[in-house]
Amino acid sequence: MKKFIILIVLVSQSVSAQYTDITIVKEVKVKNKGTVVSAHPLASEAGAKILKMGGNAYDAITATQYALAVVYPQAGNIGGGGFLVGVKNNGEKFTLDYRETAPKKASRDMYIDKNGKADTDLSQNGRLAVGIPGSVAGFFATLKYCKLPMDKIIQPAIDLAEKGFAITDKEADMLNSQKENFQKHNKSSILFVKNTPWKAGDILVQKELAETLKLIQKLGAKGFYEGKTADLLVAEMKRGNGIITLEDLKNYKAAERKALEFDYKGNNVVTMPLPSSGGVLLAQMLRMAAFENLEKYQQNSTPAVQIMVEAERRAYADRAEYMGDPDFIQDKTAYLISDDYLKGRWKSFSFNKATPSSEVGKIIKQPKESTETTHISVIDKDGNAAAVTTTLNGYYGSKVLVTGAGFFLNNEMDDFSVKPGVPNMFGAVGGEANSIQPNKRMLSSMTPTIILKNGKPYIVVGTPGGTTIPTSVYQSIVDVVDFKLNANISVNAPKFHHQWLPETVSVENNFPEATISELKAKNYVIEKVKQIGKTEMIVIEDNGTIHAVADGRGDDSVAVE
């Protein structure tokens with residue numbers, strides 16, 4: 001096994017029972033061994049541990065998700081939801097949708113004030129922002145593809161919560177930055193708030209979360225959706241204006257959906273269908289860009305970026321008009337990704353200048369907000385592959401911790417069209433297709449994706465980043481397939497993003513200045529941003545070598561069985 005870019009975090013208060021020696025591994029090349037890539041080294045190691053115990057990719061990805069709920073509470077969760085894309089080594093493909101749903105008492109105009117304005121504070125913060133959590137149901141829906149029982153899969157997370165672990169610099173900064181929000185949105189003190197600032201090396205012990213996980217271990221999904229934990233969650237709702245009921249929790253179901261598949265340059269792309277907009281956007285963007293033979297250009301060159309941005313512009317305009325929960329709307333995916341439709345969409349493209357967004361939709365002033373999601377990519381030694389993207393939506397979701405249960409609740413209701421035409425926290429505009437209805441799943445950007453070459457896993461990829469998720473996955477695929485770049489360069493090269501509205505093209509600070517200048521000359525509005533996503537990628541090379549890369553933008557890490 002070969003390891004690259006290794007960072008050791010040594011903690012002074014080392015106690016044998018606690019997880020205090022943390023190894024961040026950014027890149028691995030290995031053969032015939034299972035590999036896990038996630039946002040936190042301890043979570044990746046939890047998944048690798050399950051592989052060593054005889055588990056497969058689906059055991060490992062479930063264990064990693066549970067562990068992320070402990071060590072990465074800003075996005076890892078049992079109080080949120082996610083999507084899983086799986087390809088078994090026998091060729092079977094499946095997806096699991098454990099996206100949150102709107103409570104029974106939800107209504108189309110629940111965030112509209114008496115003056116007819118959308119109150120996005122209510123949809124983004126506090127108890128009314130919470131959708132019915134789907135993660136735990138998703139973990140149990142995954143179990144039919146697993147080899148090990150859930151009591152073994154969940155144990156690494158219980159150990160992490162009960163014994164405690166040392167937080168990193170990035171985690172300390174995150175907790176400190178959210179102190180006021182935690183105090184504002186919680187009725188009593190919570191363990192994430194302390195008198196002195198958090199610092200790297202502080203030990204985070206979560207006894208209440210450990211007990212919640214033990215209830216799931218003992219009672220199965222009912223240990224979360226019924227009984228003590230459900231009672232605590234509903235009691236938390238009643239401390240504010242929350243509307244989730246015991247009936248809502250008991251009735252939640254994960255959905256198994258037919259994977260969205262399409263061809264790209266002779267490769268079979270397997271991704272998430274609606275209610276993920278990501279898979280549809282990915283198909284549209286890749287297919288439109290293919291009209292211009294991207295392989296002729298270089299990564300982040302002006303013509304390549306222009307082609308890709310214009311594909312993004314057109315796809316995101318369609319997102320606003322057509323996309324939502326397929327159980328509530330007419331699913332127009334087949335039409336939207338068809339060659340005839342996309343050729344028509346592409347007719348207005350010109351290398352001479354930017355296409356004004358006004359030509360594909362009505363301009364609306366956009367807010368700017370942050371985002372946090374998390375992604376896991378896994379392949380096992382037998383060739384089973386899994387990609388999961390999971391989220392609370394914003395950092396620490398609604399900022400509400402369930403008293404007595406120790407986990408944060410999502411603010412996923414903001415991913416509905418709070419008021420058609422009004423942008424959400426990520427600036428995404430939605431229409432009637434994504435309006436609020438009881439039991440409806442809100443539209444998502446999460447894009448877990450597996451690409452097959454000659455029927456075998458080739459690329460396993462995904463990223464956090466709100467509406468930047470589909471464009472980052474898009475760039476990652478183009479980098480490998482068209483530009484023939486390796487996984488490391490693809491993951492860590494500077495990224496860009498455009499989403500129709502606002503007109504701006506976002507680029508990371510280290511984006512090539514020559515390209516920026518040339519794009520500005522073509523009437524593109526460029527905005528520099530600190531970071532776009534944190535991609536987790538596995539590329540299986542033709543000789544069987546597994547090249548796994550964790551994004552350098554965070555504490556992301558690779559682990560091998």
For D380, all residues meeting salt bridge (charged side-chain N to carboxylate O under 4.0 Å, His left out), sequence neighbours excluded = none

request  = Could you tell me which residues satisfy ring-ring contact (aromatic ring centres under 6.0 Å, His included) with Y58, sequence neighbours excluded, listed by chain and number?
outcome  = F94

request  = Flag the pair I540 / K453 as yes when at least one side-chain heavy-atom distance between them is below 4.5 Å, and no otherwise.
outcome  = no

message = Is it true that, when you exclude K184 itself, more than 12 heavy atoms of the residues, nucleotides or ligands shown sit nearer than 6.0 Å to its NZ?
response = no

key: ring-ring contact (aromatic ring centres under 6.0 Å, His included) partners for F349, two or more places apart   = W346, F351

task = Can you label the angle between the H40 ring and the F165 ring as parallel, tilted or perpendicular, going by 30° and 60°?
result = perpendicular

ask   = So which pairs with a foot in residues 297-310 pass salt bridge (charged side-chain N to carboxylate O under 4.0 Å, His left out), sequence neighbours left out?
value = E310-R313, E310-R314

key: Of H375, Q475, K495, the residue whose pairing with T535 passes side chain to side chain contact (heavy atoms under 4.5 Å, CB included)   = K495

message = Has T463 got a side-chain atom pairing as donor or acceptor with K534's backbone, closer than 3.5 angstrom?
response = yes

query = Do R127 and S398 touch side chain to side chain, with heavy atoms closer than 4.5 Å?
reply = no

key: side chain to side chain contact (heavy atoms under 4.5 Å, CB included) involving D263 - partner list, sequence neighbours excluded   = none

key: All side chain to side chain contact (heavy atoms under 4.5 Å, CB included) counterparts of E295, not counting sequence neighbours   = K265, N293, D482

inquiry  = Does anything in residues 506-515 form a salt bridge (charged side-chain N to carboxylate O under 4.0 Å, His left out)? List the pairs, not counting sequence neighbours.
reply    = E508-R553, E513-K528

key: Qualifying residues under ring-ring contact (aromatic ring centres under 6.0 Å, His included), relative to F139, sequence neighbours excluded   = Y66

inquiry  = Is any side-chain heavy atom of T471 closer than 4.5 Å to one of Q499?
reply    = no

task = Could you list the residues that satisfy salt bridge (charged side-chain N to carboxylate O under 4.0 Å, His left out) with R257, not counting sequence neighbours?
result = D97, D327

remark   = Across all chains, not counting sequence neighbours, the ring-ring contact (aromatic ring centres under 6.0 Å, His included) partners of F407 are F224

message = Test of understanding: with side chain to side chain contact (heavy atoms under 4.5 Å, CB included), list the residues that count as partners of V529, not counting sequence neighbours.
response = S506, E527, I532

ask   = Can you check whether N486's main-chain N or O pairs, donor with acceptor, with S490's side chain at less than 3.5 Å?
value = no

query = Roughly how far, to the nearest 0.5 Å, is CD of E412 from CG of N77?
reply = 9.0 Å

ask   = Does the side chain of F511 reach to within under 4.5 Å of the side chain of F496, using non-hydrogen atoms?
value = yes

inquiry  = Once rounded to the nearest 0.5 Å, what's the spacing between atom CE of M446 and atom CG of L84?
reply    = 11.0 Å

request  = Name all residues meeting the side chain to side chain contact (heavy atoms under 4.5 Å, CB included) criterion together with T333; count only those two or more places apart in sequence or in a different chain, and write none if there are none.
outcome  = L260, L274, V280, D331, I337

ask   = Which value, rounded to the nearest 0.5 Å, describes the distance between L501 atom CG and R319 atom CZ?
value = 12.0 Å

